[in-house]
Every structure is written in C-alpha cells, then in structure tokens.
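Here's the structure, in structure tokens; my notes come after.
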Amino acid sequence: MLTTQWLYALSGCVLIALGLRSALLHRSLLQRVLAINVMGSGVFMLLIAIAYRGPTLSPDPVPHALVLTGIVVAVSATALALALARRLSTERNDE
Amino acid sequence: MNTASLIVFDGLLLISIVSLAWAALATTDARRSVILFMAFGLLLAVAWARLLAPDVALAEAAIGAGLSGALLLAATNDHSRQPATAQTETTRTEPDRRVGMAIQWTVTLLCAALAVALAWALAYAFDSTAKDTLARAVSAHLDVSGVSNPVTAVLLNFRAYDTLLELAVLLTAVLGIFALGPARADYQEAGPIFDGLTHWLVPVLILMAGYLLWVGAHAPGGAFQAGATLAAAGIVLRLAGRHHFGLPAGSTLRITLAVGVGMFLLVGLALLAVGRPFLGYPTAWAGILILLIESAAMLAIAATLVSAFVGGRPNPIAINTGEKP
Amino acid sequence: MSDLLSLSVLILMFSLLLGLLRILYGPGAGDRMLAAQLIGTAGVGILLLLSLILDQRSLIDVALILALLAAVAAAAFTGQRQIRHD
Amino acid sequence: MTDILSSLLIVAGLFFFLAGSIGLLRFPDLYSRLHALTKADNLGLGLLIAGLAIHAQDLFTALKLLLIWLAVLAASATSAHLIARHARRQETGP
C-alpha cells in the first residue's frame, strides 16, 4: 500500500463526505448539483487511487475506463438537472 | 529526493483540491461557486495525470475544466436574469434555529462518519486480497482486442455492452433536455477579438478531435475525449454568437444524436447475422470495427454535449432562417 | 536535471497556491476569473513538467487541451445573450 | 551544454511565473492585476516551454509544445480583454 495511494484515496473520502453534506443541506438547486458533482469526483478519485500501482508499474485500466465513462455521464446528468431546474424556476415565475 | 518532492507535490495538490471543493460548496453566490468548481476540475485533471491516468486526464481537461464550466456559467446567467429567485432568508424564531443547527450538525457528523467508514473499508480491502485479476485479464487478451491502448480495449471491446448502454444514457439525457423546453436565447455576436480567436481555434479543435480519435487505438485518447473536444469547437462557435453553426439543424441533428447507439447496434446485429456473438468482433476485423463505432460515438457525444450547452429544444426560427453551414 | 524538474514542479505548485488565495478571497467575480486563468496556465506548466518527470508523453496532449480551452471559460463568463422578441 | 541552456530557460520561466502570481496577489485592483498576470505569466510559460522543447524527442512534440504556447498566449490575451470589458460594463452600467 503506497503513500501516494493513501493520500489520494483519503482525499476522495473527504470529497465524498463534503459533497454529500452540501447536497443534503443546501437550498439552491444549482449548488446541490455542484455538490453531487463533487461527490462524484470523490468516487472517481477513490477509483483512480485504487488503480494506481506506483511509478514503475502501469495502472489497472478497468477503473480508468469506468471513470472515463463516469465523467461523460456526470456532465450529461448535470445538464439534465440544470434543464430541470430552469423549467422549475420558469413554472414558479408563471404562477 | 524525487519521491519525497513528489509526495510534497501530492500534498499541496490535494490541499488545493479539497479547499476549492469546500469553498465552492460553502458560498451562496452561484457565479462564485461555479468559478471555484471550474478551478477544481482543472486541478482534478492534474491529479489524474499524476496518477498515470492520462486517458481520464484528457477527458477531465476537456469536460471538467472546459465544458461543464461553460454549461454551469450559462445556467447561472439565466438565474441572474430573474431576480425573483433570490431566496429571502426569513427571520426565524429561536427554537426553529436551534432545530436547524441540530440538523446541520447531525448531517455533518453522519457525513464525517461515512468518510471514516469508507477509509476503514479501503484499508481492509487493500490489505486482504490479491487484486489485479482484472488487470491481468486485460493485458492477457490485449493482442486480440484490435487496439493496444488497454483503456480503449476495455471500453470498446471487453466491456462494449457497458459503453453501448452509456451512449443510450447520453441519448436519454439529451431527449430529456429537449422535452423540458426551448433553448436559451442565443449569444450576441462576439467582438472582433474573440471572433478572431474562433477563426483559428475552431479548426484546431476539430483537428485535435480527429487526432485523439485516431491515436486512441494505441495511446491515450478515444471517442470520449475526441467527442468532448469536438463539442468544445461547437460551444466556441455558439459563444461567438454564430448560432447557425456548431450544431446541425433539424433531422440531421436528431440523426447525429442517435448515430452512436445506432452504429453500435448495427455492428452488433451484423456480427449476429454472420454467426458471431453480439459485439464479439473477429480479431482481424476488431480494429476497423472499433474505429467505425468510435467515429460514430464521437459525433453523437459531441452533438449531445453541444445540445446540453444550448440547454433545450433548438429554436425552430433559427433553423428556418439559417443558411446551411 | 531530474532534481531541477521536481523542484520546478514544486515552485509552479506554489505559484498556483498563490493564485488559489486570490480565487478564494476575490473580491470581484472578475478577479476570481483572472485567478482561474492563472491556475490554468500553471496547470499547463505542471502537466508539461510531469510529462518529463513521470515519462508520460501523452500528458502533453492533456496540456494542449487545457491550453485550447482556456479562453472558453472567460467567454462563457462574459458572454451576453440576445434579448428575445417573443 | 543543452542541459545548462534548458535549465536556465526553465529557471527564468519559473521566475516570471512567481512574479505573475505575486502581482496577482499584491496589486491593488483588477486592471493592474490583469497586467501582472498576462504579461508575466505568458512569458513564464513561454520560457518554460522553450526550456522543455530542447528536450523534445522529435519534431512533432516540439511543434505541439509551440502550439500550446501559442494557444495560451491567444487565450490569455482574449480573456484579459473580455474580463476587462466585462468589468468596465459592470462599472458604467449596460
């Protein structure tokens, strides 16, 4: 177990906790979306840290592939959430 | 010397990342938190590069540091035009506030407990088993996959089903965005300086997308990174106020959005027809079939991301008056 | 040479941390945007140095993508929308 | 010989990087910060890239490095202009 791996994995845990806390406590929808994105980045960091094998060995490609698709899915889910938030605010303004 | 200074580097980088995330989530000003979030994405790209994940770093550089920032800034713009949404913090009574504080502290403590539990699970997982079985399986079969970049091999060959489903998820997301309403207003035409930048930036981005698609077979790169880079070209055109460009119009747009899933299914069914398993490429053909699917996926991903940036059903007026690009 | 490179990457990281202070304390949104630009440029420099230190040539492509997209955020930040007539 | 030249270029580049970020931190208002950042930062990256290009294994890599510098130069000039104009609009009103 490498020091580098631990540093990044622990930071991933911190990011997950930070994101979850804000997603639960924030009022503004935009910031909840950001919070969930931070949480996702924490999960990505855990996965990439697990894949790391030190400076000489090549890392495990499977988590890399997972994170790569995760990033693209996260951005499209974010866009969908923002479109939902926009529709919600126009509905509220019409009332 | 070298390893010690790299550990110091890791420490500084991670402190920056965590404090940017904390600051982005602590402020109530939407534009401020988006700017902080963009810087967060940028440093994540550096972190992935540091952990020898260049494929992921490429995607994060294009999406985390570029596209999602533009997307979120566009969203804050349409909030700031409607001042009514500013939530007035009503004066709360003392017991209410105490309940609020109690909830805040409970949630904070539970989240901290989650972080500790995750760390404990990690320590346990790292210690107990011999891992690597998947990594070994990938490297053992790499020479029959048609490509030599292991990440591309996983995405487009070994786990091609997952990638097909992922493209379906993207398609669903963009259909949801279209269903929720019309696009945001177009940007005003840019001044001469930004316009001058787009004149060479857009061709370079398109070229770069092609390069990443081609290089993905044997080096970091591939359909996702190429699609994100191509989408950046479209978003730059939109930002410059050229709303007839950057995205095909009408039925061409709908076909482009579906072409990734379509090509995947077509290849899968064609393989079934010649008696192979669904998406089980013959080794001799694997390279060319993967390139075919990746080209289609690149176009679909780019169109999806630009549509996401535009933020809704494309404006029909703009389609009719627009000259064919 | 490799000592110089690892020292350089630390100095660039320090320079990035200075930019981080500006992005955290603002005061205006424009100041934060500027600081984000500095962090981007420093990030490009760090990636180029890391590509030599870690012997990963593809990190140059990552730096190139960051460099090409550096103006996109500023344009999205300052872009003004047309006023709709419907 | 090339090692010494490249080290000198890298060190000079780092100096401008630091000068730029200290300027960003210490200068009193947005417009002077713009100045500090765009001048020093790009010169810093330019020198750094020149130092690294000496080590480039082939011409393609060297050209990519040059393209990175040109892209950062153009992006930083453009965004400095955009941010300054935006700040000015905020001050004078639309």
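Letters A, B, ... are given to chains in the order of the sequence lines, protein chains preceding strands, and every chain is numbered from 1. Because the structure is predicted, anything quoted here is derived from the model rather than measured.
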Please find the pair of heavy atoms, one from [X] and one from [Y], that lie closest to each other, and give the distance.
X: B:P54; Y: C:S58; answer: CB-OG, 3.3 Å
X: B:A232; Y: C:L69; answer: CB-CD2, 3.4 Å
X: B:F9; Y: C:M13; answer: CE1-SD, 3.6 Å
X: C:L66; Y: B:A65; answer: CD2-CB, 3.8 Å
X: B:A61; Y: C:V62; answer: CB-CG1, 4.0 Å
X: C:I23; Y: B:A39; answer: CD1-CB, 3.8 Å

Separation between [atom1] of [X] and [atom2] of [Y], rounded to the nearest 0.5 Å:
X: C:I39; Y: B:I35; atom1: CD1; atom2: CD1; answer: 11.0 Å
X: C:L16; Y: B:L12; atom1: CG; atom2: CG; answer: 9.5 Å
X: B:L239; Y: C:F77; atom1: CG; atom2: CZ; answer: 13.5 Å
X: C:L68; Y: B:M208; atom1: CG; atom2: CE; answer: 6.5 Å
X: B:L42; Y: C:Q37; atom1: CG; atom2: CD; answer: 9.5 Å

### Query
C:L17 versus chain B, heavy atoms under 4.5 Å apart: side chain, backbone, both or neither?
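The answer is the side chain of C:L17.
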### Query
With respect to B:R50, which candidate in C:I46, C:L54, C:L47, C:L59 satisfies the side-chain contact (heavy atoms from CB on, under 4.5 Å) definition?
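So the option named by the test is C:L54.
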### Query
Below 4.5 Å, heavy atoms only, C-beta onward: do B:M38 and C:M33 meet side chain to side chain?
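Heavy-atom side-chain distance check passes, below 4.5 Å.
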### Message
I want to check something: taking the side chain as every heavy atom from C-beta on, are B:L6 and C:S6 in contact at a cut-off of under 4.5 Å?
### Response
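Side chain of B:L6 against side chain of C:S6, heavy atoms only: no contact under 4.5 Å found.
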#### Entry: Residues, nucleotides or ligands: over 12 heavy atoms within 6.0 Å of C:D55 CG
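Not more than 12 within 6.0 Å, no.
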### Query
What option among B:L212, B:V236, B:L52 has the most heavy-atom pairs under 4.5 Å with chain C?
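Highest number of heavy-atom pairs under 4.5 Å: B:L52.
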### Query
When heavy-atom pairs shorter than 4.5 Å are enumerated against chain C, which of B:G221, B:A62, B:G66, B:A228 gives the highest number?
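Result: the option with the highest number of such pairs is B:A62.
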What part of [X] gets closer than 4.5 Å to chain C, counting heavy atoms only: side chain, backbone, both or neither?
X: B:L13; answer: both
X: B:T229; answer: side chain
X: B:F309; answer: neither
X: B:L71; answer: neither

### Query
Donor-acceptor pair, B:R32 side chain versus C:R32 backbone, under 3.5 Å?
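Absent.
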### Query
In terms of heavy-atom pairs under 4.5 Å, which option from C:L12, C:D61, C:V9, C:L24 contacts chain B the most?
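Max contact count across the listed options: C:D61.
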### Query
Of the listed residues (C:L10, C:I53, C:L64), which shares the most heavy-atom pairs with chain B below a 4.5 Å separation?
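Heavy-atom pair counts peak at C:L10.
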